[in-house]
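This report concerns only the one structure given below.
In this text, all values refer to a predicted model and were calculated from it rather than measured experimentally.
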Amino acid sequence: MRKKLSLSLIFVLVFTLFFSNINFVQAKPITNAELSAFKKKGIDYEKVQNKKGQTKKELVKQFMEDGLSQKDAQYYAKLDLMVSELEKAGVVIDLDDESIPDIDNAYVRKSPEEFKEKVLNLDLPALKKAFGNNEGWLKGNDDLNKAFKNEQYTDIVENGEIVGQKIEIKYPDGSSVKTTITGSVEDANIENIVEPNTYVHGPWNAEYRFGSSFNGKATNHIRSAEWEYKSSSNFAKINDLFKYKITHLTPDYTGWVADVTSDDGAVSSGGIVTADTEWLSNTQGSRAYYNTYIQGYTRVKFKASKSFSASYGPLSLSVSGGNTWHQFVIIETNGQGATFAYAAHYR
């Protein structure tokens, strides 16, 4: 049986989307006159729909259900609709123009609402700042990993019991990254948890473990794992909820088994990166023994807006504007109750 260690939860390499070197496409960018005409025409946010046919009211409702404040939900709904309208009009904004003034972090921190209004009004300096310099994308991966290693996380407590842990990091430019894993974590931390690959292989070519826990009680279990990214240019959140039952067929742990009950997922996004296709309920295996695993995962195909043609680096994967990649949140467990959470991707 795997050795049980201390009652603290160690997380290893958490999901974060982060910007790599930004390379803006120069091909046929919109002219100042064309941009002025587009801005003058304006966007009637109460009438337009995004690429999925969602209205502002529907988007606000969705974002608020995902935990955003009404103010943030309103902003991301408008941002998503704005990007959709730019794409419908075939607009490509060249933010690599050195004549566009830079905006410093001090202004963003001092006047966040005014800055967001500038973004929605297609103010070029604000767009350049919003889409080209997000510290959450650049630094989130390393910072979250350091925070977990240093145990700088917050316990999630329900009914007096620790049911999970989370980390949220906010950056001076207004961006943030957050990750959580929930589920009973008694006798947490089992040996070899730093091995950076899934036990059950899936349709991905790179994966990063970001959580682990242990609970071998003979009962029904629920595990939830998710990550979230927020900035003035984008909001993205993906979650997986995996349910299974552990049964002790014999007193000895070699006779313990875990059976799949169900798996379900959720995704929400708005802005420059949006969910294009979703596969929310996925499982592999039906029964796991003490040395084998069952798995549940959520799979989403994300797409980067071609209107700003930026280069993104989700989990070290470089994706240019208009292109797509597949993102996963994965939960695995074995008959002993050793449970792991992962983020994964492939092109």
Side-chain angles (χ1 to χ4, degrees), residues 1-14 148-149 151 153-167 179-202 204 207-226 239-265 280-298 328-344:
M1 183 176 183
R2 290 172 180 254
K3 182 180 178 182
K4 299 179 184 179
L5 303 180
S6 63
L7 183 61
S8 63
L9 192 62
I10 297 178
F11 290 82
V12 183
L13 195 59
V14 183
F148 281 125
K149 285 183 177 179
E151 298 186 359
Y153 44 71
T154 302
D155 289 331
I156 302 172
V157 180
E158 293 181 2
N159 300 320
E161 293 186 3
I162 298 174
V163 297
Q165 292 176 324
K166 68 178 180 180
I167 285 181
T179 186
T180 63
I181 179 173
T182 62
S184 179
V185 294
E186 68 173 32
D187 294 324
N189 301 339
I190 51 183
E191 62 185 7
N192 299 323
I193 67 169
V194 296
E195 183 182 351
N197 60 272
T198 52
Y199 289 100
V200 182
H201 298 302
W204 43 81
E207 63 281 300
Y208 302 89
R209 184 175 296 170
F210 68 82
S212 66
S213 65
F214 184 94
N215 189 329
K217 287 184 178 179
T219 186
N220 293 308
H221 294 262
I222 299 175
R223 292 289 186 276
S224 175
E226 73 179 26
N239 170 274
D240 189 75
L241 185 69
F242 188 40
K243 297 181 181 181
Y244 56 93
K245 182 179 181 179
I246 292 180
T247 306
H248 295 174
L249 300 179
T250 67
D252 183 84
Y253 71 90
T254 58
W256 297 4
V257 298
D259 294 296
V260 171
T261 302
S262 66
D263 180 81
D264 196 15
L280 302 180
S281 180
N282 309 275
T283 61
Q284 291 200 87
S286 58
R287 167 167 285 190
Y289 298 87
Y290 77 97
N291 61 349
T292 61
Y293 285 80
I294 50 175
Q295 180 188 85
Y297 64 87
T298 297
F328 302 79
V329 168
I330 307 155
I331 302 174
E332 294 180 344
T333 193
N334 66 12
Q336 292 184 70
T339 304
F340 301 98
Y342 304 83

Exam field: side chain [X] to backbone [Y], donor-acceptor pair closer than 3.5 Å:
| X | Y | result |
| --- | --- | --- |
| D263 | N282 | yes |
| T198 | V200 | yes |
| T283 | G296 | no |
| E332 | Y293 | no |

Are any of the side-chain heavy atoms of [X] and [Y] separated by less than 4.5 Å?
| X | Y | answer |
| --- | --- | --- |
| T292 | Y199 | no |
| H221 | N215 | yes |
| Y289 | V257 | yes |
| I294 | F242 | yes |
| T339 | I331 | yes |
| W204 | Y297 | yes |
| D240 | I330 | no |

For a quick test of reading the model, state the closest non-hydrogen atom pair linking [X] to [Y] and the distance between them.
| X | Y | value |
| --- | --- | --- |
| Q295 | Q284 | OE1-NE2, 2.7 Å |
| G285 | V260 | O-CG2, 3.5 Å |
| I246 | A258 | CG1-CB, 4.1 Å |

* To do: Using the six-membered ring wherever Trp is involved, compare the ring planes of W256 and Y253 and label them parallel, tilted or perpendicular (cut-offs 30° and 60°).
  => perpendicular

* Decide side chain to side chain contact (heavy atoms under 4.5 Å, CB included) for T298 and N239; before the verdict, give the C-alpha distance in whole Å, the side-chain angles of both, and the deciding distance to 0.1 Å. => CA-CA 7 Å; T298 297; N239 170 274; 5.9 Å; no

* Structure fact -> Checking K245, R287, K243 against D259 for salt bridge (charged side-chain N to carboxylate O under 4.0 Å, His left out), the one that qualifies is R287

* **Worked verdict on T250 versus D252 for side chain to side chain donor-acceptor pair (under 3.5 Å)** => CA-CA 5 Å; T250 67; D252 183 84; 5.1 Å; no

* Got a second to check how far F214's CZ is from N334's CG, nearest 0.5 Å? -> 7.5 Å

